[in-house]
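Data first, discussion second: the structure below is written as structure tokens.
Basis for what follows: all heavy atoms, side chains included, without hydrogens, waters or symmetry-related copies. In this text, all values refer to a predicted model and were calculated from it rather than measured experimentally. Below, read A as the first sequence line, B as the second, and so on, with proteins coming before strands; counting in each chain starts at 1.
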Amino acid sequence: MTTENASHDFIRKIIDDDLATGKHTEIVTRFPPEPNGYLHIGHAKSICLNFGIAAEYPTTRCHLRFDDTNPTKEEQEYIDAIKADVRWLGFDWGDNLFHASDYFEKLYEFAEHLITTGHAYVCDLTGDEIREYRGTLTEPGRESPYRNRSVEENLDLFRRMRAGDFPDGSRVLRAKIDMTSGNINMRDPVLYRILRASHPRTGDAWCIYPMYDYTHPISDALEGITHSLCTLEFEDHRPLYDWTLNHLPIPCHPRQIEFARLNLSYTVVSKRKLLRLVKEGKVSGWDDPRMPTLSGIRRRGFTPAALRDFCTRIGVAKKDSIVEVELLEHCLREDLNENAARVMGVLEPLKLVITNYPEDEVDSLTAQNHPQNPEMGTRQVPFSRELYIEQADFMEDPPKKFFRLGPGREVRLRYAYIIKCEEIIKDEAGTIIELRCTYDPATRGGDTPDGRKIKGTIHWVSAQHAVRAEVRLYDRLFRQADPESEGDFMECLNPDSLQILDHALVEPSMGMAEPGRNYQFERQGYFCLDNKDTQPAHPVFNRTVTLRDTWAKVNKTV
RNA sequence: UGGGGCGUAACCGAGUGGUUCAGGUAUGUGGCUUUGACCCACAGUACGUAGGUUCGAAUCCUACCGCCCCAGCCA
């Protein structure tokens with residue numbers, strides 16, 4: 001739904017205008033991925049734009065169309081993954097699922113029409129020769145010697161191209177436009193090439209395949225698309241888009257509008273580069289939780305709502321830009337803070353014994369699942385004499401501002417008791433291996449009946465009840481904000497982008513953690529069960545994002 | 001030296017002649033707190049540059065500067 005005072009981006013303004021003037025009474029957009037790889041967060045921007053518009057205006061729809069005109073790169077696996085990703089993001093194309101390959105026959109007929117009307121010809125130049133004849137950015141091109149073949153000869157040749165009479169790459173069909181155009185796309189662009197490759201949908205029915213610049217406008221027009229939204233690099237192609245439709249007997253002429261693609265700091269958003277990360281083993285696969293792919297992000301624990309929110313917040317404009325990843329994290333935290341149930345988990349455990357607590361006693365304490373939202377209920381957490389706390393929550397020689405545990409200091413155990421550190425046990429190497437504390441029985445639940453202020457509250461688990469877990473901490477994949485601009489992006493990979501903690505201990509309720517759910521490990525961050533590597537007796541948690549940590553910042557500057 | 005675009009604070013991004021340029025993020029400072037979280041309050045720097053038109057310009061004009069894209073039988 002459109003909010004009344006929400007400022008519209010320039011594309012929505014064009015649409016508003018087209019509706020107001022009566023140019024259109026219904027709006028049709030489309031998301032046209034090529035099934036040659038996995039969708040990433042950059043695609044999310046386009047999906048949210050196209051499907052978002054469809055959701056905002058009353059008589060509007062958005063098509064999902066696979067741009068499958070290059071069978072050498074495209075696979076059914078990608079088609080399936082893309083559909084799953086779009087659905088996961090929360091969008092529904094209903095009956096409007098299309099493939100450019102659905103139009104192969106029509107595309108072919110239109111090509112014959114272009115030939116018949118003298119606007120296309122079969123060219124026998126080799127690839128190298130075509131490049132040579134094309135000229136350069138500053139010099140005009142030269143006309144192909146095959147440019148002025150008769151309509152009959154062109155038609156015959158083109159039909160024989162389709163029939164398979166010629167070897168791959170031996171001939172192409174070209175548009176006859178203008179070899180001297182300053183816009184290189186208009187220098188007789190290739191429309192069809194001979195390619196003996198099996199297509200995921202049409203199999204071996206074709207040995208010629210149409211090019212993007214020819215296919216796209218026609219596909220759009222056949223589907224009645226009103227606004228064809230694409231990224232900035234296609235701006236130069238718009239004249240060809242329009243030329244194609246102007247020379248064909250198609251009544252519909254969609255308007256192509258270009259916007260800036262999404263760039264995100266500390267990551268790369270390019271299929272080619274992502275593919276390299278996968279191929280060179282820098283990540284575990286397309287769905288590695290550090291990848292900006294939708295599958296990676298999903299596995300990491302990002303929510304569709306956060307992603308959609310992010311896409312609306314970054315806006316749509318024509319300026320090249322790099323959005324800070326902090327904004328994405330903010331959107332995520334905002335959603336997770338509101339919706340994730342709180343639990344306690346100790347990532348790097350330090351044993352703590354409460355010396356004045358009875359040996360065999362086990363208490364059951366009530367903890368809130370969400371302090372700001374009582375409707376999410378409570379749970380019981382077992383408490384006993386031996387506990388584990390976070391190593392980082394104890395310092396033998398703490399600075400003044402450190403208000404966690406230290407020798408002789410008091411701290412609150414979340415939902416449990418106020419304890420005081422009485423003794424430190426070290427091993428022979430001098431490493432602290434255990435803390436001996438006393439508890440104040442009057443503070444059960446964490447309250448202080450005497451009104452004394454306890455600044456620090458830390459999380460804990462009961463030693464005999466805790467569940468052992470593997471926890472994977474992720475950090476940004478690159479060390480530089482703009483890895484794409486600094487030479488080879490592979491060289492600024494962050495070596496610490498993944499840290500595996502094998503001895504984490506989580507509260508017993510997490511033994512029944514649900515796949516696909518987000519949890520907040522209090523004071524740590526948001527986590528979710530890894531859907532791939534979790535085994536029945538071996539839970540694996542991915543850290544989706546940390547909590548904001550002001551202390552870490554203060555601590556760093558000191 | 002060709003063609004197409006873009007320049008508003010640290011980062012996105014509204015604004016299209018009229019009081020001291022929305023909003024968000026980031027940053028900083030306070031407050032609150034049984035998560036150093038959340039939340040709340042406050043703070044700061046911007047219209048690429050130079051001219052011009054105008055009572056008045058980020059908005060109009062001119063020139064300049066900077067950045068991005070294009071020479072696949074990829075999309």
Side-chain angles (χ1 to χ4, degrees), chain A residues 5-9 32-34 36 67 69-70 72-74 123 125-127 130-132 134-141 168-174 180-187 189-195 208-209 211-213 215-216 230-239 258 260 265 271 313-331 333-334 337-338 342 344 367-368 371-372 401-404 412-416 418 443 445-448 454-459 481 520-525 546-555:
Chain A
N5 291 322
S7 59
H8 272 188
D9 56 71
E34 182 191 11
N36 69 341
D67 228 325
T69 57
N70 185 357
T72 63
K73 292 186 177 173
E74 296 150 7
C123 182
L125 255 26
T126 65
I130 286 183
R131 190 179 313 126
E132 226 180 286
R134 188 154 34 221
T136 68
L137 293 179
T138 51
E139 298 158 21
D168 284 10
S170 60
R171 283 173 226 262
V172 293
L173 182 72
R174 292 227 254 167
T180 67
S181 173
N183 182 344
I184 292 175
N185 294 301
M186 299 300 269
R187 320 235 263 229
V190 171
L191 266 26
Y192 268 91
R193 75 281 215 189
I194 303 173
L195 211 59
I208 56 171
Y209 289 96
M211 301 289 288
Y212 166 85
D213 281 316
T215 309
H216 210 84
C230 62
T231 43
L232 251 29
E233 68 269 27
F234 291 101
E235 212 147 15
D236 286 344
H237 297 241
R238 185 168 9 111
E258 311 83 13
S265 63
K271 275 187 204 168
R313 292 206 206 198
I314 58 176
V316 180
K318 296 196 70 159
K319 185 175 70 170
D320 288 313
S321 61
I322 302 177
V323 176
E324 292 178 331
V325 73
E326 286 85 348
L327 177 59
L328 213 209
E329 292 173 347
H330 168 82
C331 295
R333 289 189 182 114
E334 194 171 84
N337 176 54
E338 192 175 326
R342 267 107 246 236
M344 290 195 282
Q368 293 175 275
Q372 277 75 47
K401 293 263 193 144
F402 183 88
F403 41 82
R404 277 112 97 150
R412 170 165 38 236
L413 294 177
R414 180 78 155 154
Y415 297 122
I418 310 299
T443 59
D447 296 315
T448 50
I454 301 294
K455 189 79 171 154
T457 300
I458 65 175
H459 58 278
Q520 184 195 97
F521 287 8
E522 289 204 48
R523 305 207 310 128
Q524 294 286 173
T546 61
L547 250 28
R548 284 193 56 170
D549 191 349
T550 335
W551 166 245
K553 251 178 245 169
V554 172
N555 203 25

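If you check distances only, the side chain of Glu329(A) never reaches the base of rU25(B) with a donor-acceptor pair under 3.5 Å. Taking 3.5 Å as the limit, the base of rU25(B) and the side chain of Arg313(A) contain no donor-acceptor pair of atoms between them.
Side-chain N/O atoms of Lys319(A) include one lying less than 4.0 angstrom from OP1 or OP2 on rU8(B). Considering only side-chain N and O atoms, Thr457(A) lies nowhere under 4.0 angstrom from the phosphate OP1 or OP2 of rG36(B). Between rU25(B) and His330(A), a contact under 4.0 Å exists linking OP1 or OP2 to a side-chain N or O.
When distances are taken from the side chain of Arg342(A) to each of rU33(B), rG13(B), rU35(B), the shortest belongs to rU35(B). When the nucleotides rU35(B), rC12(B), rU27(B) are ranked by their closest atom to the side chain of Ile322(A), rC12(B) comes out on top. For Glu324(A), whose side chain is taken as the heavy atoms from C-beta onward, the closest listed nucleotide among rG13(B), rU35(B), rA10(B) is rA10(B). Relative to the side chain of Lys553(A), the nucleotides rU27(B), rU35(B), rC12(B) differ in distance, and rU27(B) lies closest.
The C1' atoms of rG24(B) and rA57(B) are separated by 27 Å, rounded to the nearest whole Å. Annotation: rU62(B) and rC67(B) have their P atoms spaced 23 Å apart (nearest Å). rA9(B) and rC69(B) have their C1' atoms separated by 27 Å, given to the nearest Å. Separation of the C1' atoms belonging to rA46(B) and rG23(B) is 15 Å when rounded to the nearest angstrom. Between rU16(B) and rC61(B), the distance separating the two P atoms is 16 Å to the nearest Å. Spacing between rA26(B) and rG44(B) at atom C1', rounded to whole Å, works out to 13 Å. Comparing the C1' positions of rC6(B) and rG17(B) gives a spacing of 23 Å, expressed to the nearest Å. Separating the P atom of rC32(B) from that of rC40(B) is a span of 16 Å, rounded to the nearest Å.
Computed from coordinates, the Asn337(A) CG to rC40(B) P distance equals 11 Å when rounded to whole Å. If you take CG of Asn555(A) and P of rG36(B), they are 14 Å apart, rounded to a whole angstrom. Leu547(A) has its CG atom 13 Å from the C1' atom of rC39(B), to the nearest Å. In this entry the distance linking CG of Asp549(A) with P of rU27(B) reads 12 Å, nearest Å. Taking atom CG on Leu328(A) and atom C1' on rG24(B), their separation rounds to 14 Å, with Å as the unit. Atom CD of Gln524(A) is separated from atom P of rU35(B) by 15 Å (rounded to the nearest Å). Atom CG of Leu413(A) is separated from atom P of rU35(B) by 13 Å (rounded to the nearest Å). Remark: P of rU35(B) and CZ of Phe403(A) are 11 Å apart, rounded to the nearest angstrom.
rG48(B) adopts an anti glycosidic conformation, its chi angle falling more than 90° from 0.
Within 6.0 Å of CD on Glu326(A) lie more than 12 heavy atoms contributed by other residues, nucleotides or ligands.
The residue Arg404(A) sits close to a base: some heavy atom pair falls under 4.0 Å. Using a 4.0 Å heavy-atom cutoff across all strands shown, Phe521(A) reaches no nucleic acid atom at all. Among the heavy atoms of the strands lying under 4.0 Å from Val316(A) are primed sugar atoms or P, OP1, OP2 only; no base atom is included. Across all strands shown, Arg548(A) has heavy atoms under 4.0 Å from sugar-phosphate atoms exclusively, and none from any base.
Checking side-chain atoms of Ser181(A) against main-chain N and O of Arg187(A) turns up no donor-acceptor pair under 3.5 Å. Not a single donor-acceptor pair under 3.5 Å links the side chain of Arg342(A) to the backbone N or O of Glu522(A). Checked by atom type and distance alone, the side chain of Thr180(A) never pairs as donor or acceptor with a backbone atom of Pro140(A) at under 3.5 Å.
Considering only heavy atoms from C-beta on, Pro32(A) comes within 4.5 Å of Asp67(A) through its side chain.
Remark: rA14(B) base-pairs with no nucleotide; criterion is Watson-Crick or G-U wobble with both hydrogen-bond distances under 3.5 Å. With both pairing distances under 3.5 Å, rA43(B) is matched to rU27(B) as a Watson-Crick or G-U wobble pair. Remark: rU59(B) base-pairs with no nucleotide in the shown strands. Criterion, Watson-Crick or G-U wobble with two distances under 3.5 Å. Across all strands shown, rG66(B) forms a Watson-Crick or G-U wobble pair, both distances under 3.5 Å, with rC6(B).
Using a cutoff of 4.0 Å between basic side-chain nitrogens and carboxylate oxygens, Glu235(A) and Lys318(A) are scored as salt-bridged.
Counting only N and O atoms by type, the side chains of Thr72(A) and Asn70(A) include a donor and acceptor under 3.5 Å apart.
Mapping Glu139(A) and Ile454(A) onto RNA chain B via the closest heavy atom, the residue that lands nearer the 5' end is Glu139(A). Sequence order on RNA chain B of the closest nucleotides to Ala260(A) and Thr443(A) puts Ala260(A) first from the 5' end.
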Item to check | Arg313(A) and Glu334(A): CA distance, side-chain angles, deciding distance, salt bridge (charged side-chain N to carboxylate O under 4.0 Å, His left out) verdict | outcome: CA-CA 13 Å; Arg313(A) 292 206 206 198; Glu334(A) 194 171 84; 2.8 Å; yes
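Relative ring orientation between Tyr212(A) and His237(A) is described as perpendicular, the plane-to-plane angle rising above 60° on a 0-90° scale split at 30° and 60°.
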Checklist outcome for this item: With sugar-phosphate taken as primed atoms, P, OP1 and OP2 and all else as base, the protein-contact string of nucleotides 69-75 of chain B at under 4.0 Å (heavy atoms; B, S, -) is BBBSBSB
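Checked options Thr448(A), Thr443(A), Asp447(A), Ile458(A); the residue passing with Arg412(A) is Thr448(A) (criterion: side chain to side chain contact (heavy atoms under 4.5 Å, CB included)).
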